[in-house]
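Numbers for residues simply follow the sequence, beginning at 1. No hydrogens, no waters, no symmetry mates; every other heavy atom, side chains included, goes into these values.
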Amino acid sequence: MGLQTQPYGIQGMLKEGHKHFSGVEEAVIKNIDACKQLSTITRTSLGPNGMNKMVINHLDKLFVTSDTATIVNELEVQHPAAKLLVLAGKAQQEEIGDGANLVVSFAGELLQGAEELIRMGLHPSDIIIGYTKAINKLVEILEGLVEEGSDIMDVRNKDEVILRMRAPVASKQYGQEDILCPLIADACIQVCPKNPTNFNVDNVRVAKLLGGGLHNCTTVRGMVLKGDTVGSVKRIEKAKVVVIAGGVDTTATETKGTVLIHSAEQLENYAKTEEAKVEELIKAVADSGAKVIVSGAAVGEMALHFCERYKLMVLKIGSKFELRRFCRTTGAVALLKLGSVVNPDDLGYVDSISVEEIGGSRVTVVRNEQGGNSVTTVLLRASTDSILDDLERAVDDGVNTYKALCRDSRIVPGAAATEIELARKLKEFSFTETGLDQYAIAKFAESFEMIPKTLAENAGLNAMEIISSLYAEHSAGNVKVGIDLEGGACKDVSTLKIWDLFVTKFHALKYAADAVCTVLRVDQIIMSKPAGGPGRRDQPAGMDNED
C-alpha cells in the first residue's frame with residue numbers, strides 16, 4: 001500500500017471523521033436553508049386562520065395545534081442553526097407568551113432576503129450592519145405607531161383587558177375569543193396583586209375536564225383538584241385547614257425500632273399504645289379547630305379511621321407544587337408531620353371544599369372568595385383531549401399577555417396594519433442610506449410583507465391585491481388600515497378592535513433579527529464527531545451515538 005500520507009491543514013488538527021464546512025456557499029447558505037425549512041413549517045400557522053400542524057413526538061403523543069411554541073418544542077430540531085430560531089421563539093414564549101410564530105416566521109423571511117443578497121454578492125457583514133440599522137430605526141417607527149392614551153390603563157378594567165387580549169387568544173382559537181377572553185380576564189383580574197407588575201402567571205390555573213363544551217367553561221376562585229377526597233366527608237364550609245407535607249400515617253408515631261414482645265398482653269398493649277398515639281395526633285388537629293387535613297403523601301388506615309371519628313375531611317395532594325399552591329390559596333403553612341400540638345397560626349382557611357362530579361370525573365373544588373387574590377382556576381370543558389390542550393394554550397397566551405400588559409400596556413394596530421407601515425417607513429429610510437447596507441435595509445423592509453401575505457393566504461384571499469391596496473391606503477396616510485379577514489378586504493382596525501401589544505411586537509422583531517444576525521455571523525461549521533459505528537474505542541462509556 002505504500003507510505004500513508006500525513007493529513008495536512010485542518011485534517012491534521014482534528015480527529016478523523018470530522019466534518020468541516022467553510023465559506024459562504026457551504027456554511028452560510030446551508031444554515032440559511034435549514035432555518036428556511038423551519039419557518040416554512042410555522043408560517044402557515046400564523047394568525048387566526050392559521051393551519052393546524054399534526055406533530056407526533058418521540059413518545060408517540062399526538063399534538064394537533066397551530067401554536068408555534070408547541071410545534072417547535074415537539075419537533076426536536078437537530079440542526080444547530082435552526083435551533084437558534086427555536087430558542088428565539090422559546091424566549092419570546094417565556095417572556096411575553098405570544099408572538100413565537102412571528103419570531104420564527106419573520107426570521108426565516110429575513111434569512112431568505114439575506115440569501116438573495118449574498119447571491120448578489122453582498123458580504124454577510126454588510127447585511128448584518130444593514131439589519132442592525134433597520135432594527136434601530138424600527139424601534140423609532142414602532143413607538144410612533146402606538147395608540148394615543150393606551151399607555152395609561154387600569155389593569156382591573158375588564159373591557160380594556162379584553163381589548164388587548166383578543167388578538168393573542170383569537171390566533172389560537174379563532175371565533176371563540178368572545179367566550180374565552182372574558183373568562184381569562186376575570187381570572188387574571190381576580191388574582192392581580194396590589195402592584196400589578198408582580199402579577200404571577202402561576203396563580204391562574206387551568207383544569208381540563210372532558211365533556212361539555214365551551215359554554216360550560218367557568219372560573220373558580222380557588223383550586224380545582226382532580227380526584228376525590230379520602231374518607232366520607234365530601235363537603236365542608238368555612239373551615240380551618242391543616243396541611244401536612246409528610247403524610248398522615250401510623251409511622252408518624254415514634255416507634256420505629258425493633259420491639260421484642262414476650263407475651264400476649266404485651267402485644268395487645270403495644271397495639272393499643274400505637275392506636276392511642278395516632279388518636280392523640282388526630283385529636284390535636286380536631287382540637288385546634290381545623291376541619292380539614294390535607295396530606296402530601298399517603299394517609300394510613302388507622303389515621304383515616306380516627307379522622308372519620310372526629311369528622312375531619314381528608315384531602316390528598318400528590319404533587320408538591322399543587323401542595324404549595326394549595327397553601328397559597330388557603331394561607332396555610334405546610335407542616336412536616338403531625339405533632340401533638342397544632343399551632344393555630346399555621347392553619348389556613350377555606351370558604352368551602354366540596355366534591356363535585358363534572359362530566360363523569362370527580363373533582364374536589366376548593367373555593368376561597370374572602371381570602372383575597374390567591375389562586376383562580378379556569379375550568380375548561382371540551383369534547384376531546386386535543387381540543388382541551390389547544391384551549392389551554394389559548395388561556396396560557398391570554399394570561400401571559402395579561403402579565404405583559406401589566407408591565408407595559410401600550411398597543412399598536414393589529415391585522416398587519418403595523419407591519420405594512422413598518423415596511424413602508426423602512427423602505428423610505430433605506431433610500432437615505434448610501435452604503436451597501438441600504439440593500440439590506442430594503443430587504444428587511446420587504447420581509448414585513450410576509451405577514452399580511454400569509455394572513456391573506458391563510459384566509460384564502462388574494463395576497464397580491466390585499467398588499468397593494470394596503471400600501472395604497474397607508475401611502476394616503478391611513479396608518480391604521482389592516483386586513484379584515486372576515487370581509488376579505490382592507491379596513492380600519494380601530495373599528496375592528498384588533499390591537500397588538502407593543503411589547504409583543506417589539507420583542508418578537510428584536511429576537512428574530514438577533515437570531516438572524518447570529519446565523520449570518522457563522523462562517524465555518526466544524527463537527528469533530530467520529531464517523532465510526534457503535535464499536536468505537538475512544539467513545540466514553542454510556543454515550544449513545546444518536547447524540
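Scanning for side chain to side chain donor-acceptor pair (under 3.5 Å) contacts around Gln266 gives an empty result, with sequence neighbours left out. Under the side chain to side chain donor-acceptor pair (under 3.5 Å) criterion, Asn216 pairs with no residue at all, not counting sequence neighbours. Take Thr70 and apply the side chain to side chain donor-acceptor pair (under 3.5 Å) test, not counting sequence neighbours, and it matches Asp67, Arg393. For Glu265, there are no salt bridge (Lys or Arg N to Asp or Glu O under 4.0 Å) partners, not counting sequence neighbours. Residues meeting the side chain to side chain contact (heavy atoms under 4.5 Å, CB included) test with Gln93, sequence neighbours left out: Ala69, Ala100, Asp397. By the salt bridge (Lys or Arg N to Asp or Glu O under 4.0 Å) test, Lys208 is found to be paired with Asp389, Glu392, residues two or more places apart in sequence or in another chain being considered. The side chain to side chain contact (heavy atoms under 4.5 Å, CB included) check on Ser39 picks up Thr42, Arg43, Val104, with sequence neighbours excluded. Listed by chain and number, the residues in a side chain to side chain donor-acceptor pair (under 3.5 Å) with Asn269 amount to none (sequence neighbours excluded). For Asp287, the salt bridge (Lys or Arg N to Asp or Glu O under 4.0 Å) partners are Lys283, not counting sequence neighbours. Residues meeting the ring pair (Phe, Tyr, Trp, His ring centres under 6.0 Å) test with Tyr402, sequence neighbours left out: Phe199. Arg235 is linked by a salt bridge (Lys or Arg N to Asp or Glu O under 4.0 Å) to Glu237, counting only residues two or more places apart in sequence or in another chain. With sequence neighbours left out, Phe306 forms a ring pair (Phe, Tyr, Trp, His ring centres under 6.0 Å) with no residue at all.
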Worked verdict on Asn52 versus Ser45 for side chain to side chain contact (heavy atoms under 4.5 Å, CB included): CA-CA 6 Å; Asn52 279 351; Ser45 299; over 6 Å; no
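Between the side chain of Ser295 and the backbone N or O of Ala297, at least one donor-acceptor pair lies under 3.5 Å. The main-chain N or O of Leu75 is never found under 3.5 Å from a side-chain atom of Asn57 such that the two would form a donor-acceptor pair. Formation of a donor-acceptor pair under 3.5 Å by the Thr418 side chain with backbone atoms of Val412 is not found in this model. Arg362 places no side-chain N or O within donor-acceptor distance of the main-chain N or O of Glu357, the cut-off being under 3.5 Å.
When side chains are defined from C-beta on, Ile411 does not count as touching Asp500, because their heavy atoms never get closer than 4.5 Å.
Under the 4.0 Å criterion applied to side-chain N and carboxylate O atoms, Lys480 and Glu421 are not assigned as salt-bridge partners.
The two residues Ser288 and Leu347 have their closest heavy-atom pair at O-CD1, 3.6 Å.
A cation-pi arrangement is absent between Lys505 and Phe502, since the terminal nitrogen or guanidinium carbon is not both under 6.0 Å from the aromatic centre and inside a 45° cone about the axis.
Heavy atoms of other residues, nucleotides or ligands lying less than 6.0 angstrom from NZ of Lys291 number 12 at most.
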